Amino acid sequence: MTSHRLDFLPLGSAPRPTTGDDLAARLRRVLVEAAGPAVQGLDRAPIVAQLDGADVASLEVDLTGVAFGTSQHKPDARRFASPPAARREEATARRVRVDAHPLTAVDLPVDVTAEAEGLRFAWVEGTDGSVGIQPIEPDDAHPVAGHARVAVDRRGLVGTLHGILAVALSSQGVQLTDLDVQIDSHGPRSASVRVDAKVRKSFLSASVEAVASAAVRDDMVLEVGDVRLSSGNPLVAAMLGMARARVEAVANRRIDLQAALPPGVRLVDVRLDAGEQLVLSARLG
């Protein structure tokens, strides 16, 4: 599944939509075009919009049943480039909500709930008679609030990873014969991961183990702890030497999650619950 940021959404001929139904229909068409053929069911996704003057009072998108496959599709940059503007009117999407219970990402069911408030944008009418939406970056004077929750079945995730890795390794003549992923939660913001894999190449068969741990501090700094890649087979361990050096180099790193976000977007909380389901949630404010 590949995503591309769109800096302009063309919505057809001017003037701008004046009813929620018109806006919803135009948004559906442009999202289907941007997503490409690897995304199935988006043309039937319910979209409900309510307008209040230039503002979008609410926008709800239900992606339940939509299937996202792997694709190298990229939207035509010329179609999604902002035209020379004859008129520009700033507005706010006061509430935007996306639900999927679930959508499918590369055969993996993913349950999603996301909501944002205070998203600024501009209606742009082009000199060519077109109209579209141009997002405006948030800033400290116009912050964005919201929350998101993403949940996947742990066994389903392992199965999907097994399929992806098997294809990637087969191109190198390596067969992935077994894979197990164990994710343990050590509190709401701390987790460890252990990956056990068995691979075969020609007459050589071996087990490979990878472990890592991570925690998010109260100030929203991600600390990456123990990271190791190893094999009980000396020959395979030697072959892993270069990869192991790159993997273990990320140990003891600190990543300021807040610093990675633009002004006006403040990460208040992030949590991971690991059980039969893996649930990642975040809150902005």
Side-chain angles (χ1 to χ4, degrees), residues 1-3 70 105-112 148-172 174-201 204-261 267-283:
M1 181 172 61
T2 304
S3 63
T70 57
V106 196
D107 298 326
L108 176 66
V110 182
D111 192 90
V112 178
R149 178 186 182 276
V150 178
V152 298
D153 179 76
R154 189 189 68 83
R155 285 179 293 184
L157 177 61
V158 172
T160 297
L161 290 174
H162 188 289
I164 294 173
L165 287 173
V167 171
L169 291 173
S170 66
S171 64
Q172 305 174 39
V174 178
Q175 180 185 3
L176 178 65
T177 59
D178 192 22
L179 177 72
D180 182 60
V181 180
Q182 181 66 44
I183 302 176
D184 294 313
S185 181
H186 306 291
R189 295 182 185 158
S190 178
S192 61
V193 181
R194 175 184 174 124
V195 179
D196 291 294
K198 293 182 179 180
V199 296
R200 178 187 298 276
K201 184 171 184 179
L204 182 64
S205 180
S207 297
V208 178
E209 177 186 288
V211 297
S213 65
V216 178
R217 304 187 322 208
D218 289 344
D219 58 359
M220 296 297 109
V221 171
L222 171 65
E223 293 185 328
V224 181
D226 185 34
V227 180
R228 298 193 311 273
L229 180 65
S230 61
S231 174
N233 185 302
L235 180 58
V236 173
M239 294 169 61
L240 290 174
M242 185 176 297
R244 182 169 58 244
R246 289 198 298 265
V247 168
E248 295 179 355
V250 305
N252 302 314
R253 287 189 61 189
R254 290 178 173 83
I255 303 171
D256 189 338
L257 301 178
Q258 185 58 51
L261 298 173
L267 184 63
V268 176
D269 194 16
V270 60
R271 292 175 180 268
L272 173 66
D273 295 313
E276 290 304 308
Q277 273 200 329
L278 302 179
V279 183
L280 177 65
S281 58
R283 184 162 56 91

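Keep in mind that what you see is a predicted model, and the values were worked out from it rather than measured. Any value given below was found using the heavy atoms of this structure, including those in side chains, with hydrogens, waters and symmetry copies removed.
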- [ ] Of all the heavy-atom pairs spanning L176 and A166, show the shortest one and how long it is.
- [x] CD2-N, 3.9 Å
Open item on the list: Just by distance, no angles: are the side chains of Q182 and D180 close enough, under 3.5 Å, to form a donor-acceptor pair?
Closed with: no
Task: Over 12 foreign heavy atoms within 6.0 Å of CZ, R217 - done: yes
TODO: Please report the closest heavy-atom contact between D153 and G156, naming both atoms and the distance.
DONE: OD2-N, 2.8 Å
Task: Steps toward side chain to side chain contact (heavy atoms under 4.5 Å, CB included) verdict (V270, L222) - done: CA-CA 10 Å; V270 60; L222 171 65; over 6 Å; no
- [ ] List the steps, then state whether salt bridge (charged side-chain N to carboxylate O under 4.0 Å, His left out) holds for D218 with R189.
- [x] CA-CA 9 Å; D218 289 344; R189 295 182 185 158; 2.6 Å; yes
Open item on the list: To check you understand the geometry: which heavy-atom pair defines the closest contact between L179 and L161, and what is its length?
Closed with: CD2-C, 4.0 Å
- [ ] Step by step, work out the side chain to side chain contact (heavy atoms under 4.5 Å, CB included) result for D111 and V279.
- [x] CA-CA 9 Å; D111 192 90; V279 183; over 6 Å; no
TODO: Using the side-chain contact (heavy atoms from CB on, under 4.5 Å) rule, pick out the option among V221, V268, L267 that qualifies with Q258.
DONE: L267
- [ ] Using a 4.5 Å cut-off on heavy atoms from C-beta on, say whether the side chain of T70 contacts that of I164.
- [x] no
Task: Under 3.5 Å: donor-acceptor pair, side chain of S281, backbone of A148 - done: no
Open item on the list: Could you measure the distance from the CD atom of Q175 to the NZ atom of K198? Nearest 0.5 Å is fine.
Closed with: 13.0 Å
TODO: Check V110 against A105 and note the closest heavy-atom contact, atom names and distance.
DONE: CG2-CB, 4.1 Å
TODO: Please examine the side chains of V195 and V208, heavy atoms only from C-beta on, and report whether any two atoms are closer than 4.5 Å.
DONE: no
Task: Ion pair check, R271 and D273, cut-off under 4.0 Å - done: no
TODO: Please name the pair of heavy atoms, one in L272 and one in A191, separated by the smallest distance, quoted to 0.1 Å.
DONE: CD2-CB, 3.5 Å
TODO: Step through the shown structure and confirm whether more than 12 heavy atoms of other residues, nucleotides or ligands are within 6.0 Å of CG on D107.
DONE: no
- [ ] Identify the heavy atoms of A151 and R149 that sit nearest to each other, and give their distance.
- [x] CB-NH1, 3.7 Å
Task: Side-chain ion pair, R254 and E223, N-O less than 4.0 Å - done: yes
